[in-house]
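Input: a single structure, listed below in structure tokens.
Nothing here was measured: the structure is a model prediction, and the numbers come from that model.
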Amino acid sequence: MEVQKEAQRIMTLSVWKMYHSRMQRGGLRLHRSLQLSLVMRSARELYLSAKVEALEPEVSLPPACPSDLRLHPPREVESTVETATADGEQPSPEPMDTQEAPTAEEIPAYSAPRPAKVSRKRRSSSLRDGGDAGLVPSKKARLEEKEEEEGLSSEVADRLQPPPAQAEGAFPNLARVLQRRFSGLLNCSPAAPPTAPPACEAKPACRPADSMLNVLVRTVVAF
Amino acid sequence: MIPGIGTLTQDTLWCFSQVKGTIEIGTTEDVPCFPFAFCHDCKFPEACPDMQNSNVLPSGLLPSGQNKLGPWCSPTGSPAPLSCETGCGEGSWILVCRLLVPTQVSLLSMEEDIDTRKINNSFLRDHSYATEADIISTVEFNHTGELLATGDKGGRVVIFQREQESKNQIHRRGEYNVYSTFQSHEPEFDYLKSLEIEEKINKIRWLPQQNAAYFLLSTNDKTVKLWKVSERDKRPEGYNLKDEEGRLRDPATITTLRVPVLRPMDLMVEATPRRVFANAHTYHINSISVNSDYETYMSADDLRINLWNFEITNQSFNIVDIKPANMEELTEVITAAEFHPHHCNTFVYSSSKGTIRLCDMRASALCDRHTKFFEEPEDPSNRSFFSEIISSISDVKFSHSGRYIMTRDYLTVKVWDLNMENRPIETYQVHDYLRSKLCSLYENDCIFDKFECVWNGSDSVIMTGSYNNFFRMFDRNTKRDVTLEASRENSKPRAILKPRKVCVGGKRRKDEISVDSLDFSKKILHTAWHPSENIIAVAATNNLYIFQDKVN
């Protein structure tokens with residue numbers, strides 16, 4: 001649970017940093033954006049793997065300390081998954097997202113009208129404290145979160161194929177368990193949203209930023 | 001004393017020589033230094049990046065109707081540095097002092113009369129506050145070590161010259177005094193992309209001296225400029241057609257003919273931009289490097305490296321291009337590049353993945369395929385969440401001999417032999433105690449800091465910066481290392497620098513500093529070492545420290 005919270009916090013932080021970097025003088029820094037997206041991707045995968053672990057309470061796993069997050073199997077898995085596959089699996093919740101290619105270059109153009117709107121709302125505090133953001137009701141967020149859940153679940157499903165090949169590492173049991181419970185996981189995915197309000201909390205409450213997060217997530221996936 | 005040979009720590013004692021820069025008065029660490037001006041009617045409050053960092057003033061000081069306080073910016077909405085020399089930005093400003101309560105608020109505007117402006121200028125000069133524009137962004141000695149150039153965030157270049165050693169003061173080596181100051185780059189606006197181009201000087205590189213003038217290259221994110229710095233100490237006098245003030249004389253009053261003669265005058269150092277190399281980089285330039293043929297140089301941005309001829313400004317050759325066809329597949333960027341010191345066909349460039357590629361321009365016109373590929377296999381026990389970020393190389397430097405390259409990533413400095421590609425020959429831990437703090441360093445953005453590294457003249461000692469105004473030196477021969485601090489407290493003339501130590505855990509001895517007390521806002525990113533002597537220049541935010549080894 002700790003790991004999950006930590007990963008979620010880092011994800012939120014990365015999104016905020018990506019956002020903020022756009023408003024800096026000198027424009028978007030390619031290297032910085034790349035690094036942020038790498039962290040974002042790692043945090044996301046850690047979050048997913050932690051979530052999967054949370055669904056398997058009987059498997060005893062060595063605790064991972066939040067300050068030093070090691071991910072062996074997700075990293076090995078992730079290197080074999082084609083980004084194209086992952087992209088294809090994830091449904092696009094909004095037509096806005098499909099119209100633009102999530103490239104690092106084009107994001108500033110896409111979001112150029114955005115910062116003006118979003119920066120008025122003091123979002124830094126709400127983003128840092130993921131717990132509070134979930135209190136603000138947002139129908140749209142829930143819709144996207146559901147679709148995202150499905151997208152993420154299918155990604156997890158993708159990742160379940162390679163694990164048997166890389167069963168070594170710190171979590172060999174996890175890999176086997178994931179493989180065994182593969183179908184069970186897919187079946188219980190509609191039930192997952194209620195148990196994953198953190199995902200909703202991690203997302204900013206206001207509308208334009210939701211799409212922003214999706215765009216950024218797609219960017220991360222692309223990377 | 002053998003110049004340039006450092007036998008370090010117990011044998012070499014470093015002592016303070018000079019410090020240059022503005023003194024911080026009343027500024028706190030976390031607040032960016034815009035202490036005392038705010039926009040009167042800012043048209044672009046949303047575009048202003050620092051609105052959150054507004055300073056709180058007692059309400060009585062704000063003119064009525066003004067309830068917003070932010071850093072000053074130009075009428076286009078981009079923050080513009082306020083230089084202490086001119087005292088004025090563009091548009092209309094209201095100057096409010098943070099420390100002294102003014103009896104009246106002066107309005108600085110372009111329509112203002114000269115007298116009030118002069119008063120305000122002198123007011124600014126008397127209290128030299130540290131501004132963000134004064135943050136030093138690059139330091140470089142020239143090839144003889146006689147000149148030391150610094151570039152700052154405000155686009156200015158300041159050149160210091162070493163004074164001639166006088167016979168009277170044998171025990172004191174020449175000090176560096178200001179030789180020339182000029183504005184190299186101005187903030188620009190890319191209208192096509194709606195982006196502001198920062199004027200911050202990213203790198204300065206000197207050309208070897210070939211005549212009486214000095215030449216240097218300075219670059220910001222997009223444009224490289226070649227500057228000529230020359231002295232003028234004679235002035236022609238005795239013109240026929242104009243008088244001493246330059247006014248044209250009435251031809252009817254001229255009755256005699258004379259030949260103008262050159263008369264000595266006060267030394268004037270003038271800097272003129274001789275070439276401007278622009279519009280060649282889509283991404284932000286991170287390095288420039290002069291080739292050993294002294295005819296060409298290269299400029300590197302995140303994805304491309306261009307080769308220029310000094311004489312031609314409207315064309316450049318692209319020699320490296322790592323931009324993928326599909327930007328979604330981007331995995332690494334170029335972080336630094338340098339030419340070999342002796343072989344004009346060889347250069348190296350480092351990447352954000354921790355790899356170095358050596359390329360030979362004789363092999364092909366586009367050097368996309370490297371000649372050598374330097375990469376160290378990752379230590380699986382050190383693998384962590386932020387491994388990818390901290391393995392990004394921030395600086396790469398050839399040794400003076402050309403045999404070795406030194407790379408700096410976030411936690412280590414590595415020395416590579418050009419003949420061995422699979423691992424470095426030496427690895428030095430700069431501040432390994434930060435390895436467990438990477439998460440916090442990610443939060444405060446310190447993990448993205450790009451530290452530089454330098455060789456000494458004989459390639460026996462390497463130096464790099466750290467936090468808390470610490471900098472580290474590693475002796476490659478004796479394997480000893482030392483941590484020193486650049487601070488105002490140690491700034492007495494010829495005061496010997498005491499080695500500092502960071503205690504990692506457990507008991508903290510006296511004079512040690514614990515990791516949690518380190519000041520991460522005081523970082524030393526840029527340092528320079530004199531090419532032949534033990535003189536170092538260390539840039540600590542907006543101050544330049546010069547240290548020399550102790551002369552017995």
Side-chain angles (χ1 to χ4, degrees), chain A residues 6-7 9-10 13-14 17 20-39 41-43 45-46 64-72 75 83-84 87 101-109 112 115-120 122 124 128 169 218-219 221-223, chain B residues 44-52 78-79 153 187 190 193-200 220-222 282-284 286 301-303 323 326-335 351-352 380-390 392 394 435-440 442-443 445 447-448 450:
Chain A
E6 188 66 18
R9 191 176 70 83
I10 291 180
L13 191 59
S14 306
K17 282 186 194 293
H20 195 70
S21 71
R22 245 161 246 148
M23 297 191 282
Q24 276 176 1
R25 283 187 79 205
L28 201 69
R29 304 252 157 203
L30 189 65
H31 188 200
R32 180 71 65 103
S33 311
L34 183 62
Q35 288 177 319
L36 287 173
S37 60
L38 287 173
V39 173
R41 177 177 59 167
S42 307
E45 285 171 4
L46 188 73
C65 68
S67 62
D68 184 19
L69 306 165
R70 297 170 196 268
L71 13 98
H72 297 280
R75 193 55 62 96
T83 54
D87 243 347
T103 63
E105 276 178 296
E106 294 179 18
I107 281 181
K117 246 166 81 177
V118 183
S119 64
R120 257 199 221 114
R122 292 272 177 154
S124 51
R128 282 193 193 281
R218 281 170 71 84
T219 315
V221 166
F223 277 128
Chain B
F44 308 87
E46 283 112 20
C48 185
D50 279 312
M51 281 308 277
Q52 289 90 344
S78 55
K153 257 191 159 183
D190 182 340
K193 294 185 190 161
S194 291
L195 287 178
E196 187 177 6
I197 300 170
E198 268 191 292
E199 69 277 25
K200 174 170 81 100
N220 69 347
D221 284 335
K222 298 287 183 182
T282 312
Y283 303 96
H284 301 286
N286 51 53
D301 67 22
D302 290 324
L303 296 178
K323 183 177 179 189
N326 187 359
M327 278 298 278
E328 293 181 25
E329 294 157 19
L330 180 73
T331 53
E332 63 180 331
V333 298
I334 298 171
T335 52
S351 82
S352 56
S381 65
N382 271 342
R383 190 125 177 74
S384 78
F385 196 69
F386 300 101
S387 287
E388 282 155 337
I389 297 192
I390 62 168
S392 171
S394 52
R435 200 179 285 272
S436 52
K437 309 252 177 248
L438 293 178
C439 205
S440 333
Y442 179 72
E443 283 173 37
D445 275 353
I447 205 173
F448 300 112
K450 293 182 169 42

Self-check item: Working for side chain to side chain contact (heavy atoms under 4.5 Å, CB included), residues B/M327 and A/L30
Solution: CA-CA 11 Å; B/M327 278 298 278; A/L30 189 65; 4.1 Å; yes
Quiz item: Which heavy atom of B/T335 sits nearest a heavy atom of A/H31, and at what distance?
Solution: CG2-CE1, 3.6 Å
Quiz prompt | Closest contact, heavy atoms only, B/C439 versus A/I10 | solution = SG-CD1, 3.9 Å
Quiz item: Out of B/D221, B/D301, B/D445, which one pairs with A/R29 under the salt bridge (Lys or Arg N to Asp or Glu O under 4.0 Å) rule?
Solution: B/D221
Quick one: what part of [X] sits under 4.5 Å from any heavy atom of chain A, side chain, backbone, both or neither?
{"X": "B/S352", "answer": "both"}
{"X": "B/L303", "answer": "side chain"}
{"X": "B/S440", "answer": "neither"}

Quiz item: Taking the side chain from B/K200 and the backbone from A/G26, do they hold a donor-acceptor pair closer than 3.5 Å?
Solution: no
Exercise. Answer yes or no: is there a donor N or O on one side and an acceptor on the other, between the side chain of B/H284 and the main chain of A/L28, under 3.5 Å?
Key: yes
Practice problem: Please examine the side chains of A/L34 and B/E388, heavy atoms only from C-beta on, and report whether any two atoms are closer than 4.5 Å. | Solution: no
Exercise. State, yes or no, whether a side-chain contact exists between A/R25 and B/K153 at a heavy-atom distance under 4.5 Å.
Key: no
Practice problem: Might you work through the side chain to side chain contact (heavy atoms under 4.5 Å, CB included) test for B/I389 and A/L38, ending with a clear yes or no? | Solution: CA-CA 8 Å; B/I389 297 192; A/L38 287 173; 5.5 Å; no
Quiz item: Ion pair present between A/R9 and B/E443, side-chain N to carboxylate O less than 4.0 angstrom?
Solution: yes
Practice problem: State which residues pass ring pair (Phe, Tyr, Trp, His ring centres under 6.0 Å) with B/Y442; sequence neighbours excluded, sorted by chain then number. | Solution: B/F386, B/F448
